[in-house]
Structures are given as C-alpha cells and as structure tokens.
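Beneath this line is the structure, given in structure tokens, with notes to follow.
The analysis underlying the following values was restricted to heavy atoms, covering all of them including side chains, and did not include hydrogens, waters or symmetry mates. Only a predicted model underlies this, so the values are computations on that prediction, with no experimental measurement involved. Numbers here simply count residues along the sequence, with the first being 1.
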Amino acid sequence: MLSAEKVRAVHTLVDEGRVGVAFQPIAEIHKRRIFAYEALARPLDPIFVTVPELFEASVQAGRVAELGFLHRDQAVKLCPHHPLFLNIDPHEFDFGWLVRPDDPMFRHRHPVTLEITESVPIKYFTQCHSVLGEIRQKGISLAIDDLGAGFSNLKYIADLKPEIVKLDRELIAGCAPGNRQWKLLCSIVALCKEMNARTIAEGVETQIELTAVTEAGADMVQGYLFGRPANPPPDLIWPGTSR
C-alpha cells in the first residue's frame with residue numbers, strides 16, 4: 001500500500017487534469033521512417049518517483065480509469081499528426097471508460113494501437129477480451145507489450161490475436177547475430193509471424209542490436225538508438241545518417 005499522501009496527490013492531479021506525456025518514436029526497419037509514436041505517461045508531482053507508482057496510487061484512489069482517460073487526451077492533443085501507441089493499465093478493464101464514445105482515442109485522425117502488457121493477470125482475461133473486442137470494432141488495433149519479460153503466456157497472445165507484438169528489452173539486450181539469444185529471438189519472431197502479428201523490438205540501444213533484430217526479421221524498432229522520449233515528439237534520426 002502506498003502512503004495516504006500519494007493517494008491524495010493522485011486525486012489532486014486527476015481533479016486538476018494534470019498528467020504529463022512524452023513520445024518515443026517507433027520506426028519501420030526497412031523503410032527507415034516513423035511508424036508511430038508511443039505516448040508515455042509522466043508524473044507531474046515529484047512525490048511519484050516512477051510511472052508505475054503513479055498508476056498504483058491511482059488504483060488505490062479509485063481513479064485509474066480517469067487517469068488513463070486524461071493520458072489519452074493529452075497524447076491525442078500533443079501528437080495530432082502521427083499514429084499513436086497508448087498504454088492501458090490492466091485495472092482500467094474494471095471500469096467502462098475505455099468503451100465510452102467520447103474517449104480521446106476515437107477522435108484521433110490517425111491509427112491508434114492500444115498496448116497491454118503480456119503479464120496482465122489472468123483474472124482480467126474475460127473483461128479484457130470483451131472490452132478489446134468492442135474497441136477493435138471501432139478501428140483500434142492491439143499490441144501485446146513486454147513479450148519476453150518473464151511471463152511469456154503465448155496462449156494468451158494467440159487468444160487475443162494482436163496485430164503487433166512488442167519484444168521486451170530482456171530479449172534484445174546483448175543480442176548479436178548468431179549467438180544463442182539471437183536464435184531464440186529468431187524463433188519468437190517467426191512464431192509471431194505465424195500468428196499474423198508484426199513485431200517491434202524494444203530497447204534497441206546499439207548498432208549490433210539493430211543488426212541482430214533486423215536479421216531476425218523484426219518489422220520495427222524502438223529504443224534510445226532512435227530517440228529518447230520527449231515532448232514535443234522528437235524527430236527520428238536513423239543511426240549512421242543525418243536524419
């Protein structure tokens with residue numbers, strides 16, 4: 001349990017409509033261009049050390065659905081010209097906000113993809129499946145985040161049939177063409193392709209890692225090598241080029 005002070009801070013942030021956002025580019029490997037920006041929440045009160053702590057406090061305060069709504073609203077307002085990836089806290093499935101017709105994601109003029117973590121507790125599966133089905137009928141896509149971070153329930157991914165699977169930094173860090181980790185990465189990418197899901201390699205930080213994920217067949221990349229989260233959305237600079 002977090003302190004009562006942090007729970008009160010969440011109430012204040014939500015009541016005042018204050019939530020920070022930063023954008024990180026997701027790039028297509030073969031076209032070397034922006035595919036979308038991931039919108040990342042940022043606490044605007046120094047009492048919160050991390051983003052997970054902010055959302056944990058919002059769950060305790062019963063305000064997680066409102067915080068998620070505010071985050072999506074800021075993302076759409078601050079990045080109007082590009083496709084967006086928006087993260088969903090699993091606890092938001094306990095509320096009806098995600099299917100409200102006035103949700104900001106439905107007014108964005110470009111494609112929107114919702115990200116849910118691959119380690120979502122199984123107790124949320126039925127709610128998650130139902131809510132996502134309704135949202136996807138309205139043109140929103142689904143990405144499973146953090147594949148390879150430790151949970152690795154591939155059946156869960158097969159059941160939800162996401163358009164995109166994001167490969168966690170744990171799979172990417174230290175990966176080099178030909179090593180055992182790279183062979184595992186190749187197998188996972190191939191499996192995702194068999195399930196008709198495109199892949200994004202997260203946390204790519206070195207040229208060797210970029211070469212490894214490219215040769216493994218990943219479709220897209222994200223990481224410090226291509227741009228750190230920022231507001232406004234940063235330009236993509238492909239490694240080894242001026243742009």
Side-chain angles (χ1 to χ4, degrees), residues 1-26 37-75 78-79 84-95 97-98 104-105 113-125 127-128 131-132 142-153 156-157 160 162 164-173 200-205 222-224 227-231:
M1 294 286 289
L2 297 177
S3 69
E5 185 181 7
K6 291 182 178 180
V7 173
R8 287 195 297 271
V10 164
H11 284 299
T12 299
L13 289 174
V14 173
D15 289 342
E16 295 178 355
R18 294 194 296 122
V19 60
V21 62
F23 300 92
Q24 187 171 35
I26 298 170
Y37 283 94
E38 180 179 355
L40 301 162
R42 291 292 183 263
L44 291 182
D45 189 319
I47 195 173
F48 298 109
V49 178
T50 66
V51 173
E53 189 179 60
L54 169 65
F55 275 88
E56 182 182 348
S58 74
V59 172
Q60 287 185 213
R63 308 295 295 271
V64 66
E66 294 164 271
L67 181 63
F69 185 96
L70 287 172
H71 171 61
R72 294 188 293 278
D73 184 58
Q74 286 298 304
L78 296 173
C79 188
L84 283 172
F85 277 56
L86 303 170
N87 291 279
I88 302 299
D89 186 281
H91 294 89
E92 291 188 63
F93 292 108
D94 286 334
F95 303 87
W97 287 63
L98 287 167
M105 63 182 163
T113 301
L114 293 187
E115 288 191 33
I116 61 171
T117 180
E118 185 253 357
S119 55
V120 169
I122 199 67
K123 71 176 183 176
Y124 289 105
F125 182 81
Q127 297 158 279
C128 172
V131 171
L132 288 173
L142 172 64
I144 300 297
D145 194 15
D146 298 336
L147 178 64
F151 199 78
S152 299
N153 189 343
Y156 181 84
I157 294 175
L160 287 180
I164 292 172
V165 173
K166 299 187 78 175
L167 309 173
D168 190 76
R169 168 72 182 161
E170 291 291 325
L171 280 172
I172 309 304
I200 299 174
E202 293 187 287
V204 177
E205 297 183 359
Q222 181 178 0
Y224 288 170
R228 292 175 178 266
N231 183 21

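- Rounding to the nearest 0.5 Å gives a distance of 8.5 Å between CD of E56 and OG1 of T50.
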Please report the C-alpha distance between R72 and I88 in whole Å, then the side-chain angles of each, then the deciding distance to 0.1 Å, and finally whether the side chain to side chain contact (heavy atoms under 4.5 Å, CB included) criterion is met.
CA-CA 9 Å; R72 294 188 293 278; I88 302 299; 3.7 Å; yes

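- When all heavy atoms are compared, the tightest approach of A39 to V21 is CB-CG2, 3.9 Å.
- Applying the 6.0 Å contact sphere to CD of E16 captures more than 12 heavy atoms from other residues, nucleotides or ligands.
- Two residues are said to be in side-chain contact when any heavy atoms from C-beta on lie closer than 4.5 Å; V64 and D94 fail this criterion.
- When all heavy atoms are compared, the tightest approach of N87 to E92 is O-OE2, 4.4 Å.
- When every heavy atom of P104 is checked against every heavy atom of F69, the shortest pair comes out as CD-CE1, 3.4 Å.
- Within the 4.5 Å cutoff, no side-chain heavy atoms of L44 are placed close to those of R42.
- A search for salt bridge (charged side-chain N to carboxylate O under 4.0 Å, His left out) contacts involving D73 returns K77, R107, not counting sequence neighbours.
- Rounded to the nearest 0.5 angstrom, E202 CD and Q222 CD are separated by 5.5 Å.
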Just do the side chain to side chain contact (heavy atoms under 4.5 Å, CB included) check on S58 and D89 with the steps written out, would you?
CA-CA 10 Å; S58 74; D89 186 281; 6.0 Å; no

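- The ring-ring contact (aromatic ring centres under 6.0 Å, His included) test applied to Y37 returns H82, not counting sequence neighbours.
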Given side chain to side chain contact (heavy atoms under 4.5 Å, CB included), test I144 with I116 step by step and report yes or no.
CA-CA 5 Å; I144 300 297; I116 61 171; 3.8 Å; yes

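- Smallest separation of non-hydrogen atoms from I172 and A201: CD1-CB, 3.9 Å.
- Between L142 and I164 there is no side-chain heavy-atom pair separated by less than 4.5 Å.
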Output a table of donor-acceptor pairs, distance under 3.5 Å, between side-chain atoms of residues 6-13 and any protein atom two or more places apart or on a different chain; print 'none' if there are none.
unit_1, atom_1, unit_2, atom_2, d
K6, NZ, E53, OE2, 2.7
H11, ND1, R63, NH1, 2.9
T12, OG1, R8, O, 3.2

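- Residues F55 and V59 fail the side-chain proximity criterion, which asks for heavy atoms closer than 4.5 Å.
- Looking at every heavy atom in both residues, M105 comes nearest to L98 through CE-O, 3.2 Å.
- With rounding to the nearest 0.5 Å, the separation of CG in D145 from NZ in K166 is 5.0 Å.
- In terms of heavy-atom proximity, V51 sits nearest to P43 at CG2-CD, 3.8 Å.
- In this structure, L132 CG and F93 CZ are separated by 4.5 Å, a value rounded to the nearest 0.5 Å.
- Between the side chain of R228 and the backbone N or O of Y224 there is no donor-acceptor pair closer than 3.5 Å.
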